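Below: the structure, in structure tokens.
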Amino acid sequence: MSGFSFIHAADLHLDSPFAGITARGLSIAKALQQATFRALNSLVGLALARQADFVVLAGDVFDWADKSLTAQLAFADAIARLEKPGIAVFVAQGNHDPAAGGGFAVDFPGNLVIFPHEKVETHFVSRNGRKIAAVSGISFEKSAEARNLVALFPKEHPGIFSVGVVHANAGGATGHENYAPCRISELDNPGIDYWAMGHVHTRKTVSEKPLAVYPGNTQGRSFAETGPRGCHLVTVQGNKISSEFCPLDAVRFLQDELSIAGIRTVSALENAVFEAVEKMAASAGSLPLVCRVTLAGRGPLYGGLTGPDAEEALLERARQAFDGREPFVWVERIRNRSAPEMDLEAREKGDDFTAQVLALAGKMLEDPFALKRMEETALAPLLGDRRMKRAISPLTDEELREILHHARLTCLELLEESS
């Protein structure tokens, strides 16, 4: 049998609002707003250029259950571009766009198949009148899907290459809701040759036989989603399966860590920040860049970086230095996670009260449950205030760690001064 190819993508999150990312300037804000749509256009362009036989989208095509009209229209246009050359598109709905979220307000072309949520459904892809692949899939009924969807796939092999399309958390991947949970061992299904997975935004292979792949999302939307984002072009030739990652992202998210060790002046630190941003811009190549620099390590500059306007002053200087760059370079934030020159690890091992405070805070930094308790107790009076709720979004674990990090060092300074 001659070979064929298909594109496996997931988690497009069309019309995502990029929560937590702010940008000064209309052009940058517009680029972020359009990024998920541009990634979709790149996906279609890839399918056409590489003459893919079909496309599978493993959940969360849309970012919200109500599926914004803008996103629906853009998706319909994309599917129509694939209809003319006869490229079928198979979609399994996920936790962000479940079947219970309602129907669609637009008419989609006939080459689109959206799998039902009631049972696994199988469709055949043909070329020149001969079946080349069986594509099976099932959608989420509701956002908090508790069913083990992988277990519902048939065990009988259809006799041709078989693709299973599912949005699921295989092996209890952390950082993602445990929806449609399954054990990795359950992917060992004789009826499936390739699992097209969705839900986990980090690109990874969870099983080699049968091959089960998370392609990651098509467009990074935060600093939890840095680096190239895209899809997999899967080629089948006889019994051989090869998979090629293809970037699709329209805006690249990157972050770097810069040690302040040995840096003695703010001017030298500023130059080091500029170099770090320049390095990330080079890594992004022809793509616009949204980046973040984290100051880390121990050094003599620490005291001068703890003032209320130090981070903001450095950030403004960095933004000015890269203003007007094409493609744009947006320095989203400069975070200070540095520490005084004192050896904190050695200081923690002491037997006095200061050492106990440092050790306790250090353990809390690594314990997400402790961070949650801190939010519910120490920060409750602030975060529970009605006006504050309107002004700030819920804190992430990363933001809680940053608060605790600075609180730990403030305690150290105060305790050392009083001793």
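Predicted model, so just to flag it, every value in this text is computed and none were measured.
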- request: Please step through side-chain contact (heavy atoms from CB on, under 4.5 Å) for the pair Y214 and T202, ending with a clear verdict.
  value: CA-CA 7 Å; Y214 284 109; T202 302; over 6 Å; no
Go through it in stages, so that I can follow the logic: the residues are L314 and E316, the test is side-chain contact (heavy atoms from CB on, under 4.5 Å), and I'd like the CA-CA distance, side-chain angles, deciding distance and then a yes or no.
CA-CA 6 Å; L314 274 174; E316 187 59 31; over 6 Å; no
V213 and V206: side-chain contact (heavy atoms from CB on, under 4.5 Å), yes or no, with the steps? CA-CA 6 Å; V213 175; V206 292; over 6 Å; no
**OP:** Go through the steps for E244 and R50 under the test salt bridge (charged side-chain N to carboxylate O under 4.0 Å, His left out), then give the verdict.
**Re:** CA-CA 12 Å; E244 174 190 354; R50 302 295 286 269; 2.9 Å; yes
Apply the test side-chain contact (heavy atoms from CB on, under 4.5 Å) to residues I160 and F124: give CA-CA distance (whole Å), side-chain angles for both, the deciding distance (0.1 Å), then the verdict. CA-CA 9 Å; I160 56 176; F124 294 94; 3.7 Å; yes
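The backbone N or O of H201 lies less than 3.5 Å from a partner atom in the side chain of R229, making a donor-acceptor pair. Side-chain atoms of E141 do not come within 3.5 Å of backbone N or O of P98 as any donor-acceptor pair. No donor-acceptor pair under 3.5 Å is formed between the side chain of S338 and the backbone N or O of R298. In this structure, Q219 contributes its side chain and V251 its backbone to a donor-acceptor pair below 3.5 Å. Of the possible donor and acceptor atoms, one in the side chain of N336 sits under 3.5 Å from a partner among the backbone N and O of L305. With hydrogens and angles disregarded, no donor-acceptor distance shorter than 3.5 Å links the side chain of N95 to the backbone of A144. Formation of a donor-acceptor pair under 3.5 Å by the N169 side chain with backbone atoms of Y179 is not found in this model. Distance alone, capped at 3.5 Å, is enough to place a donor-acceptor pair between the D97 side chain and the G94 backbone. With hydrogens and angles ignored, the 3.5 Å screen pairs a side-chain donor or acceptor of S259 with a backbone N or O of A261. For the pair W64 (side chain) and H96 (backbone), a donor-acceptor distance under 3.5 Å is absent.
Between F54 and F6, the angle of the ring planes stays under 30°, which puts this pair in the parallel group of the 30/60° scheme. Aromatic ring pairs are classed by plane angle as parallel below 30°, tilted from 30° to 60° and perpendicular above 60°; the pair F322 and F274 is perpendicular. Note on ring orientation: taking the six-membered ring where Trp is involved, the planes of F62 and F104 are tilted (angle from 30° to 60°).
A 4.5 Å side-chain heavy-atom check between R252 and P228 finds at least one atom pair inside the cut-off. Counting heavy atoms from C-beta on, the side chains of V120 and V166 never come closer than 4.5 Å. Counting only heavy atoms from C-beta outward, the side chains of F115 and H123 approach each other to under 4.5 Å. Counting heavy atoms from C-beta on, the side chains of L269 and L258 come closer than 4.5 Å. Under the 4.5 Å side-chain criterion, counting only non-hydrogen atoms from C-beta, I192 is in contact with N189. When side chains are defined from C-beta on, F37 counts as touching L14, because their heavy atoms get closer than 4.5 Å. The closest side-chain heavy-atom distance from H117 to K142 is not below 4.5 Å. When side chains are defined from C-beta on, I87 does not count as touching D53, because their heavy atoms never get closer than 4.5 Å.
Between R81 and L48, the shortest heavy-atom distance links the atoms O-CD2, 3.9 Å. Of all non-hydrogen atoms in I260 and G297, the two that sit nearest each other are CG1-O, 4.0 Å. M280 and L254 make their closest contact through O-CD1, 3.4 Å (heavy atoms, listed as atom of the first residue, atom of the second, distance). Of all heavy-atom pairs between L152 and I138, the closest is CD1-CD1, 3.7 Å. Here the closest heavy-atom approach between residue A47 and residue L82 is recorded as CB-CD2, 3.8 Å. Here the closest heavy-atom approach between residue G299 and residue E341 is recorded as C-CG, 3.3 Å.
Residue-environment remark: CZ (R183) stays at or below the threshold of 12 foreign heavy atoms within 6.0 Å. Atom CG of D107 is surrounded by 12 or fewer heavy atoms from other residues, nucleotides or ligands within 6.0 Å. Within a 6.0 Å sphere centred on CD of Q320, heavy atoms belonging to other residues, nucleotides or ligands number more than 12.
Within the 6.0 Å centre-distance limit, the rings of H8 and Y194 are counted as a close aromatic pair. Annotation: W195 is in aromatic contact with F153 [ring centroid separation under 6.0 Å].
Side-chain contact check for T294 and R337: no donor-acceptor pair (N or O, by modelled atom type) lies under 3.5 Å. Inspection of the S243 and H232 side chains reveals an N or O donor paired with an N or O acceptor under 3.5 Å.
A distance of 9.0 Å separates CD of Q255 from OG of S222, quoted to the nearest 0.5 Å. Interatomic distance, CD1 of I334 versus CZ of R319, reported as 8.5 Å (0.5 Å rounding). Going from atom CG of D193 over to atom CZ of F161 covers 5.0 Å, rounded to the nearest 0.5 Å. To the nearest 0.5 Å, the span separating CG on L287 from CG on D249 amounts to 5.5 Å. Distance check, rounded to the nearest 0.5 Å: CG of L40 to CD of Q34 gives 11.5 Å. The distance from the NE2 atom of H167 to the CE atom of M197 is 10.0 Å, given to the nearest 0.5 Å.
No salt bridge links E312 with R317; every basic N to acidic carboxylate O contact stays at or beyond 4.0 Å. A salt bridge does not link D256 to K279: none of the charged side-chain nitrogens sits closer than 4.0 Å to a carboxylate oxygen.
Of the candidates D15, D11, D63, D63 is the only one forming a salt bridge (Lys or Arg N to Asp or Glu O under 4.0 Å) with R221.
Under the 6.0 Å distance and 45° angle rule, R203 counts as a cation-pi partner of F245.
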